[in-house]
Amino acid sequence: MATVIRSCSCCLRFKFSPEELEQRYKSQEIDRLIEKDKQSLRRQVKLLLLGAGESGKSTFLKQMRIIHGIKFEPELVKEYQHVIYQNIVKGMKSDSVQYFFNDLERIARTDYVPSHQDILHARKATKGITEFIIPINNIPFHFVDVGGQRSQRQKWFQCFDCVTSILFLVSSSEYDQVLLEDRRTNRLEESQNIFDTIVNNLVFRGVSIILFLNKTDLLVQKIHSGDIRTYFPQFSGDPRNLSDVQAFILGMFTSVKRDPRKPLFHHFTTAVDTENIKVVFNAVKDTILHRNLESLMLE
Ligand SMILES: Nc1nc2c(ncn2[C@@H]2O[C@H](COP(=O)(O)OP(=O)(O)O)[C@@H](O)[C@H]2O)c(=O)[nH]1
Ligand SMILES: [Mg+2]
């Protein structure tokens, strides 16, 4: 019968010199730390916010802070105050200018401090990558927000490690607008192209994708003033009917996905509406935690 020789710690004491023993313990300790690190990395939920410029990625992240009770630091509030003044002075072509113009008297007061709602409407293009960790149900949720402009997109590929889910935002009300970058490309088509490269990317084979068709509040207004068929003649529904328009836009995105087995979840959202995002995020959280548990059990 073969004898199995195991080295237990007391035998080791005779086999190795004290220096060798110390080395061995050290290396065991390092292995233990690496294993612990791996486990906490696996437990962490990493959510990547992707989508074209001005689709609402940073606004969604602000909502995560508000909903989970993480205060904006006083310096940050001051910074937003300046952004708001700039947004007004520049009168930039953005959805939020109207919001601020409706409230100029309050904002012009010397003791003005931006409210949460003001902060949600403040528009500043994200440069580089912003990361934010929020513990939710005792699990660290790691949010990664990136710049959406063409010039910022090469940076996206730095954050693709260990991603749990991608939240892909689309500004659904922009079917009649062109890109800031070239003033030609239709914004919805640009967004669809970006989505194509993400959803069909092999890097994200195991990553669930959650599509947010955002700016529903603006879409509601827009369908009464303009006809989507001017920009998308293939639209065959009722151009004044919100569900028809939403179904058409959703179809533009679901149709580019090549792998029929890859799940794609979607929500119609208004990122500046805290109550709406609260409800949507609860559903998203359940989806993510459920899928995370499944993949942990499969390991
Ligand atoms: N009315 C409205 N404005 C929105 C919505 N989502 C984002 N915005 C505004 O759109 C602008 C661009 O949003 P932002 O989050 O900076 O887009 P990002 O470039 O994707 O990070 C900001 O002024 C936001 O306040 C929405 O659902 N409704
Ligand atoms: Mg941003």
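Whatever order the structure lists them in is the order used to number ligands and atoms, beginning at 1.
Atoms of ligand 1 found under 4.0 Å from any heavy atom of S55, numbered from 1 in the order shown, are 17 (O), 18 (P), 20 (O). Per-residue contacts place G53 under 4.0 angstrom from the following atoms of ligand 1 (heavy atoms of the residue considered): 19 (O). Near E54, meaning under 4.0 Å from one of its heavy atoms, ligand 1 places the atoms 12 (C), 17 (O), 18 (P), 19 (O), 20 (O). Every atom of ligand 1 with a heavy atom of N214 under 4.0 Å away is listed here by number and element: 5 (C), 6 (N), 27 (O). Near L218, the atoms of ligand 1 lying under 4.0 angstrom from a non-hydrogen atom of the residue are 1 (N), 2 (C). Every atom of ligand 1 is numbered from 1 in the order shown, and the set under 4.0 Å from a heavy atom of K57 is 15 (O), 17 (O), 18 (P), 19 (O), 20 (O), 21 (O). The distance from ligand 1 to the heavy atoms of A271 drops below 4.0 Å at these ligand atoms: 6 (N), 26 (C), 27 (O). Of all the atoms in ligand 1, the ones that sit under 4.0 Å from a non-hydrogen atom of T270 are 27 (O).
Below 30°, between 30° and 60°, or above 60°: for F195 and F253 the angle between ring planes is above 60°, a perpendicular geometry. Classification of the F235-F248 ring pair by plane angle, with boundaries at 30° and 60°, yields perpendicular. Note: F212 and H267 have perpendicular aromatic rings, judged against thresholds of 30 and 60 degrees for the angle between ring planes.
Around CD of E131, the count of heavy atoms belonging to other residues, nucleotides or ligands within 6.0 Å exceeds 12.
By the side chain to side chain donor-acceptor pair (under 3.5 Å) test, T287 pairs with no residue at all, sequence neighbours left out.
The only option from R261, K262, K257 that meets the salt bridge (Lys or Arg N to Asp or Glu O under 4.0 Å) definition with D259 turns out to be R261.
The nearest N, O or S atom of T59 is not closer to the Mg ion (ligand 2) than 2.8 Å. The Mg ion (ligand 2) has no N, O or S atom of T130 closer than 2.8 Å.
Closest heavy-atom approach to atom 1 (N) of ligand 1 among the candidates D217, L169, L49: D217. Across the listed options V97, D118, L120, L120 owns the non-hydrogen atom lying nearest to atom 25 (O) of ligand 1.
With contacts defined as side-chain heavy-atom distances shorter than 4.5 Å, the pair L289/F141 qualifies.
Contact annotation: for S96 versus ligand 1, heavy atoms closer than 4.0 Å belong to the side chain alone.
Side-chain contact check for N214 and T269: at least one donor-acceptor pair (N or O, by modelled atom type) lies under 3.5 Å.
Considering backbone and side-chain N/O of K124, none are found under 3.5 Å from N/O of ligand 1.
There is no path of hydrophobic side-chain contacts, each under 4.5 Å, that joins L218 to Y175.
Within the structure, side chain to side chain donor-acceptor pair (under 3.5 Å) pairs that include any residue of residues 228-252 comprise D227-R229 (at least two apart or interchain).
Ligand 1 lies less than 4.0 angstrom from a heavy atom belonging to D95.
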